[in-house]
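See structure below.
Letters A, B, ... mirror the listed sequences (proteins, then strands); counts begin at 1.
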Amino acid sequence: MAAEIRTANELRKAFTGFFEQRGHTKVESASLIPHDPTILFTVAGMVPFKPYFVGDEVAPYKRAVSVQKCARAGGKHNDLDDVGRTKRHCVFFEMLGNFSFGDYFKTDAIPWSWELVTEVFGFDGDQLWITVHESDDEAEQIWHDQVGVPMNRIQRLGDADNFWQMGETGPCGPCSEIHIDRGPSFGPDGGPLNDPKGDRFLEFWNLVFMQFNQDKDGSRTALPKPSIDTGAGLERILALKQGKDSIWETDVLFPLIEQAQSATSTKYLIGDYEDKSSFSLRVLAEHARSATMLVNDGVFPSNEGRGYVLRRIFRRAVRHAYLLGTDKLVMPKLVETAVEIMQEAHPTLKTNKDFILGVLTKEEESFRQTLKNGLNLLENEFSAIKTSKKKSTLSGKSAFVLHDTYGFPLELTQEIAGERNINVDITEFETEMHAQRTRAKAARKGAASADETLAQYRQLLDTHGQTKFVGYESDSCTAKVLSLVALDDSSVEVFLDVTPFYAESGGQVGDRGTIRCPSGEIKVTDTVFALPGLRKHIGVLSGEIVAGVEVTATIDVNLRNSTRKNHTATHILHYALRKVLGDHVKQAGSLVSAERLRFDFSHYAPLSNVEIEQIERIANAQVLTNSDVKNYETSKEKATQAGAIAFFGDKYGDMVRVLEAGDSIELCGGTHAAATGDIGLIKIVEEGSIGSNLRRIEAVTGQNAVDYVISTARTIQKLNELLDTNSAALVESMSRKIAEVKELNDELKSLRSAAARGRAAEFVSKNKGGVVVQRVDGLSPSDLRELALAIRASKEIKAVVLGGVTSTGGVALVAATGAGVSTPAGDLISQAAKMVGGGGGGKGDIATAGGKNAAALDEALLAAAQASSKIV
RNA sequence: GGGGCUGUAGCUCAGUUGGCAGAGCGGUACGUUCGCAAUGUACAGGCCAGGGGUUCAAUUCCCCUCAGCUCCA
């Protein structure tokens, strides 16, 4: 009997300790961001081990135990809106699990789970019920004969409850679950079979027996080496151990509820699932913890992918804080509490704390701004409704626009509308929402294609194995053509048994070069992975090459060398970025070509010029050391010990390739320079945003960097010559020049208007009954207008019409009317404008017009004079 | 990946059948009354995001680019 378990930390230790004693390797929790591209988050304890179960990789250990961070939100099971309503649902949770990779099976797994539950956890065996799959006699027998559970507490359930499948195909098998009877006050007797909702008979342990392989045709074959995957929710067991009715009162969540209470001055009612405020507090507690854990693993709030899911989770929480009437920021305090609760089990929280706080504080601020803007728009809608026919209904369309375009949640729209006795047309809203979904799905469908070629590739891989890559050591080799497929008239896909061509991965572009034999040649334009391990050369064939012949494969060495420099420089830049900006900088993508390198990374603000300069200094200092670049294979453990950081999104087997360039140590399978000095020079040429919290830098190296510096210097030299200055004084000289131009412009403007005013007196004196109509050539349209305004300024003038040929050869007309004249100024010149072949007008007491036909100007002015005389 | 919205003074934003740009706050200067605050007057501050097109004329209409916001996948 182990020590009494009181806290989450004690539970985690007791659990892993139990299985470590039984030969299991303790595996640290993997990131919430999975390597598996088909899922958004790590959703179960087995996710990190999936390659071992599927057989893609060989497990480095036969038995493992873990406490895995998990998150479930978005994706297929979109139950985000339910979190907080129930006693047990969370976005973030931890899963206890023990695993066997083709090692022990039911006869060990079942008794161990019983021993753990009764002796370590201390549950009363008489209160436990077991369910097995209806076909699984073996499991039932073990539970009964070996463990001693009476038959009346073992029940059989169907596929829906007790059968597990990874996907359409692949490993699958029956499950067995352990339930605890919480007593008559929670519902009627009769075991889990009689309690589908699990109110009284609470399921807390699930054992999956992976013993079959599901084929495409629906048949199942037995796996030669069956495996075990178990899972139990930490929070659930904690609630049971701590004698609480729900997970909300356990020590991993209740401190957050207490913090939420004080931050919002709201009272929490334990066990009340009807009370709206208590619901909001639970949402705040849960989402604060989830968001904290997600940011800790490198998820950033953004408008796509998992970042978007995080944003939705987080904003849902802020929305509830808002509903509770809090207008101060609440999340920073909750995040601090979450860090405090979780940091012992997840130590990276300590080092990342300031960063997490920064990201989430900023996110709350920005969302509160969104809410404020939305509120204004909503007010406008309300006042529009008052004057409309339907006085008491806000259209679903409006509610949708508010939500879709401005991010104002429907729930808040309804809440606020409700306060004013206004309905929201939900049906219409749903219709709009549905249309939006359909659009997005239709767009997605276009992208899916061609499974057939994939099957061909797989067959190639099955018969010949992986393509041997010799490109680290040599630029050329002889090889055998395994397959050659013509794509269209000229381009072909070629597969070799061995190749020096690097296939695009880790951001590095594929090699180019030639594949030739006596009878023909292929100019290779790109090399990619058709499947993991299978390298595909794409190129143009001249002459004849067929499958089976021997060829010489040679890469374009110049291109490869430039690419090498850029790739090594990418690592050094990554190092420098982390040094200057912080360890939260994570690679989000990269492109390494011969010409330049592009590096996308997570960061929350634009880089300042000073920061870019620092980065360049640090990076180039690494270049100047001219230290040897080491590129070697080693075990994963040794690499991590050396402090290597893994590139995001890459998948690594047990043996990994490590790259050491200067002080940068990373896992990387690319091709690299021999020494940092080979890079020559790293120059950042661009920095920008590619989405919220995502930045991109572009840089050049080697000859390209030299070219860049020379051309920049040339530009500066030219400027120096133009301004007759030198580089040191250029900036000052230029700013002085700009100020001067501005000053001169202002002066010119005031002189012009003074001149116009001066001439105005002359024109005023020529007025006939308060009307001035004159031709003035050589002025710009705006000067002409200025003049007209100056003339009109005299009290006796009632109307002015000026016309003239402008300096650019067009005709300009302007009309202005004095105070007390009701005829619009435009009327005075509308006809004249037509006569000069233009149009025009204006409104009120000043109008301008123009045309092209200068010959008709005098005639046009006569017409204008006539129009003007009518109004006086 | 697919939609929607926005970009105007240091900040928050106005600006309709296209006619040379405004408000409030902030800033500066000079006053007034006085409680390190209020208030009056004046002034400065704009390639109306950038580039093309239509037009006699584009902040306004059309196209493209860039940036930001937002929803869906």
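- Every residue two or more places apart in sequence or in another chain that forms a ring-ring contact (aromatic ring centres under 6.0 Å, His included) with Phe355(A) is listed here: Phe300(A), His584(A), Tyr604(A).
- Helical stems in RNA chain B, defined as runs of 3 or more consecutive Watson-Crick or G-U wobble pairs with both donor-acceptor distances under 3.5 Å, are listed by first residue as B:1-7 with B:66-72, B:10-13 with B:22-25, B:27-32 with B:38-43, B:49-53 with B:61-65.
- Annotation: proximity of residues 366-381 of chain A to RNA chain B (heavy atom, distance under 4.0 Å) is found for Thr370(A), numbered in ascending order.
- Comparing His403(A) and Leu784(A) along RNA chain B, the residue whose closest nucleotide (by nearest heavy atom) sits nearer the 5' end is Leu784(A).
- Within a 6.0 Å sphere centred on CD of Glu859(A), heavy atoms belonging to other residues, nucleotides or ligands number 12 at most.
- For residues 809-828 of chain A, no pair satisfies salt bridge (Lys or Arg N to Asp or Glu O under 4.0 Å), with sequence neighbours left out.
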Polar atom pairs (N or O), protein with nucleotides 3-9 of chain B, under 3.5 Å:
unit_1, atom_1, unit_2, atom_2, d
G3(B), O2', Arg439(A), NH2, 3.4
G3(B), N2, Asp404(A), O, 3.4
G3(B), N2, Asp404(A), OD1, 3.0
G3(B), N2, Asp404(A), OD2, 2.7
G4(B), O2', Thr405(A), OG1, 2.8
G4(B), N2, Thr405(A), O, 3.0
C5(B), O2', Tyr406(A), OH, 3.2

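- Phe314(A) is linked by a ring-ring contact (aromatic ring centres under 6.0 Å, His included) to nothing, counting only residues two or more places apart in sequence or in another chain.
- One atom, CD1 of Ile829(A), and another, C1' of C56(B), lie 11 Å apart when rounded to the nearest Å.
- Remark: the separation of the C1' atoms in C25(B) and A14(B) is 14 Å, to the nearest Å.
- Rounded to whole Å, atom P of A73(B) lies 16 Å from atom CZ of Arg306(A).
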task: Start with the C-alpha gap between Leu80(A) and Arg316(A), add the side-chain angles, then the distance that decides, and say whether side-chain contact (heavy atoms from CB on, under 4.5 Å) holds.
output: CA-CA 9 Å; Leu80(A) 185 58; Arg316(A) 181 167 184 255; 4.2 Å; yes
